[in-house]
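Only heavy atoms go into these numbers, but all of them, side chains included; no hydrogens, no water, no symmetry mates. Worth saying up front: this structure is predicted, and the values here are computed from it rather than measured. Proteins come first, then strands; the chains are lettered A, B, ... in the order of their sequence lines, and each starts at number 1.
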Amino acid sequence: MSSTLSAAWARRLNTLQLVLVGIFLLAPVVWMVLASFKQSSDVIAYPPTLLFTPTIENYRALIETTPFLSYAINSIIVTVGSTTLGIVFGVPAAFVISWTRVSWPAVLTLAARMVPGALFLLPWYILFRNLGMIGSYWPLILSHAVITMPIVIWILLPYFDGIPRSIYEAAQVDGCSVTRVLWRIALPLVGSGVAIAAILAFVFSWNFFLFVLVLSTSDTKTMIAASFNFVGEGSTRWGVLMAVATLIALPPLMLAMVVQRWLVAGLTLGAVKG
Amino acid sequence: MASIRLRNIVKTFGGPNVISNLSLDIDDREFVVFVGPSGCGKSTLLRIIAGLEPVTEGDVFIGEQRVNTLPAARRNIAMVFQDYALYPHMTVYGNMAFALELRGLSKAEIDTRVRRAATMLDIEPYLDRRPKALSGGQRQRVAMGRAIVRDPQAFLFDEPLSNLDARLRGQVRAEIKALSQQLKTTMIFVTHDQVEAMTMADRIVVLHAGVIQQYDTPEQVYEKPANQFVAGFIGSPTMNFLPVRLQGDSVVLAGDGRALSLGDEHRGRLRSAGGEATLGVRPEHLVLCNPGDGIAASIKLVEPLGSDTMVHFDLAGTAAIARVDPATKPKVGETIALRMAPSRVHMFDVKSGQVLA
């Protein structure tokens, strides 16, 4: 009887914890979305107003006063380009690291990801300028590949490591070259991992601010860099800023909702593999 | 079909040698079993032949071709792995057809070969299934089928029966043996199970610490072991080893000085070895006799197996076993007399363990 009671209480406490954490994590997102539908005066009102007359004025201003569609297309080009590069180079890299069991390249890619991004900016800017690439999408795609590739490698490593070695060896004995082992045997077995890696790479690239801020021009500016236009020295257009932030957050949010089940499985695979 | 020759093979993984200066000739169409305890290098040797492991030194020949630098993909050998290593995303048909597709064979030819092998192995009803929908025994057959369809120069088996239960193991063992007689292809089979080695092989390679201890027919390995390791490894229960010495003109047990009647031949061997040796005798060659005709021993444990009864006793401080007729109904605590036929007794050098000729 008492154990049933304590189990019920434990369940309630669990739920309470989840609700508290959920409120803590979701409050800024809810505030952002609500603020995007408020008049400018309501956005900065103190105490914050929960009841207000919703307006789409901020969205209208965003679309009418800025080349928002161009920014969105730029974002898609840069994100899809860098995610593709990350997959094209990251998948074989993860496979070879797993195959050879030489781990330093994986550590190196992680180190490259861990150092402050600002460290890369000046050398890259000079390099891309000397190559005449500033103004094109390439500096943005290539710089974002530094974000996407480590993600792809580190997500896929446990997937490749999880394939029994003897399956690779059986394929070799059957007549496969290393490339063919990857293409015909390993890749079909890590399909869900590739999907997870692609989605996470997409989200990280989509949201990455620093590189596009410095390496983009007015023609290649992405949504996230364009959002900075609404932050002024004297005044900030909070309503429009929240509208653009909401639109920026939408694609990753939708992707995360679609694949949330795989996402959790994919992120914890290395941990539960033993 | 091809012969396989290994010449002065050395293999190291950075530390001590796993295989030390090993040379071996396997004839065309021969069924050779590599047997030895864990870590003896038998699987490494198989992987070297397969091309999955490079040699540190030495040469590997398949047929007349030196294959040291030839990748596994181009050696035209087939291998059955311990865990079967079936491709989980392919059907049984896909698994069996895969190597043939890589070779660029026509679909009709692939279909003919796959169905012929499937019929031979009785797996035709499962051709459309994925490996996860098969039992262990069925997966084992698919792994063999995948090897058979390729018509390779040699089949390599890496402990393929170790994941099967005892009943299935016996059945598949017989099937592989029958298959080898049917296919008439060179086969190398790795196992740590001496029963598999004895029942399947034309010749057995007994390995220990990366060195071939003996390479001979099962009968010779059993009847005439080259050294104490082979004598102890092959045979179940294991051979009894008793320290003996020469006392005057008699061979006596070193533990208690009781004399054994073994004849001139063994006396000569002992003399040449400096008067001390290790006597080896298999449990079935210790025969019950009348008191006074043999050595007396007190029974410590009786293990009735149905067909035989194992009698455990102590001889001059050394534990020993005799395999006796169950009709004798031996009892614990009873004193029995045992004798050994001199022709069934082996003498080993105390230091080197080599058989005394």
Side-chain angles (χ1 to χ4, degrees), chain A residues 87 91-92 94-105 152 155-198 259 261-262 265-266 269-270 272-274, chain B residues 13 43 46-54 70-91 94-105 130-132 139 142-160 162-163:
Chain A
I87 292 288
V91 170
F95 174 69
V96 169
I97 289 166
S98 171
W99 174 282
T100 57
R101 291 177 177 149
V102 177
S103 56
W104 66 261
V152 173
I155 292 281
L156 284 179
L157 256 180
Y159 277 90
F160 284 125
D161 285 346
I163 299 174
R165 194 97 190 148
S166 57
I167 290 184
Y168 291 158
E169 289 173 345
Q172 280 181 283
V173 171
D174 269 349
C176 282
S177 60
V178 177
T179 320
R180 214 168 230 172
V181 173
L182 167 63
W183 192 245
R184 295 291 304 269
I185 305 297
L187 212 49
L189 293 177
V190 300
S192 62
V194 174
I196 301 295
V259 299
R261 212 183 170 132
W262 292 351
L269 184 77
V272 296
K273 197 173 72 70
Chain B
F13 291 102
S43 284
L46 194 78
R47 291 168 59 80
I48 285 171
I49 295 169
L52 297 172
E53 207 72 69
L70 204 65
R74 291 172 52 204
R75 292 195 183 189
N76 192 22
I77 42 97
M79 189 157 168
V80 177
F81 291 81
Q82 186 172 0
D83 60 359
Y84 318 134
L86 300 176
Y87 309 126
H89 57 300
M90 296 182 192
T91 61
N95 267 276
M96 290 168 74
F98 184 62
L100 305 179
E101 283 170 19
L102 292 177
R103 273 198 222 167
L105 264 60
R130 296 267 168 110
K132 69 177 177 189
R139 285 179 202 184
V142 176
M144 288 209 296
R146 190 169 64 177
I148 289 169
V149 290
R150 294 183 43 198
D151 194 14
Q153 293 199 83
F155 287 99
L156 310 181
F157 295 89
D158 189 5
E159 306 206 35
S162 54
N163 287 343

Quick one: pull up CE in B:Met90 and CG in A:Leu189 and give me the separation to the nearest 0.5 Å.
8.5 Å
Between B:Arg150 and chain A, which part of the residue has a heavy atom less than 4.5 Å away: side chain, backbone, both or neither?
side chain
What part of B:Glu101 is in contact with chain A, defined as an atom under 4.5 angstrom from a non-hydrogen atom: side chain, backbone, both or neither?
side chain
Could you pull out the closest heavy-atom pair between A:Cys176 and B:Ala73, with the gap in Å?
O-CB, 3.8 Å
With only heavy atoms counted, which part of B:Leu156 is less than 4.5 Å from chain A, the side chain, the backbone, both or neither?
neither
Can you confirm whether A:Asp174 sits close enough to B:Met79 that some side-chain heavy atom of one is under 4.5 Å from a side-chain heavy atom of the other?
no
Compare all side-chain heavy atoms of A:Ile163 with those of B:Pro88 and state whether any distance is below 4.5 angstrom.
no
Does B:Tyr87 use its side chain to pair, donor to acceptor, with the backbone of A:Arg184 at less than 3.5 Å?
no
Under 4.5 Å from a heavy atom of chain B, the part of A:Arg180 involved:
side chain
Closest approach of A:Ser166 to B:Ala85 (non-hydrogen atoms, all atoms of both residues):
O-CB, 3.4 Å
Select one option (side chain, backbone, both, neither) describing which atoms of B:Arg47 are under 4.5 Å from chain A's heavy atoms.
side chain
Please look at B:Leu52 and chain A and tell me whether the side chain, the backbone, both or neither of the residue comes under 4.5 angstrom of a heavy atom of that chain.
side chain
As an exercise, state the distance from CZ of B:Arg75 to CD of A:Gln172, rounded to the nearest 0.5 Å.
10.5 Å
Does atom CZ of B:Arg74 have more than 12 heavy-atom neighbours from other groups under 6.0 Å away?
no
If one checks every heavy atom of B:Ala78 against chain A at 4.5 Å, the contacting part turns out to be backbone
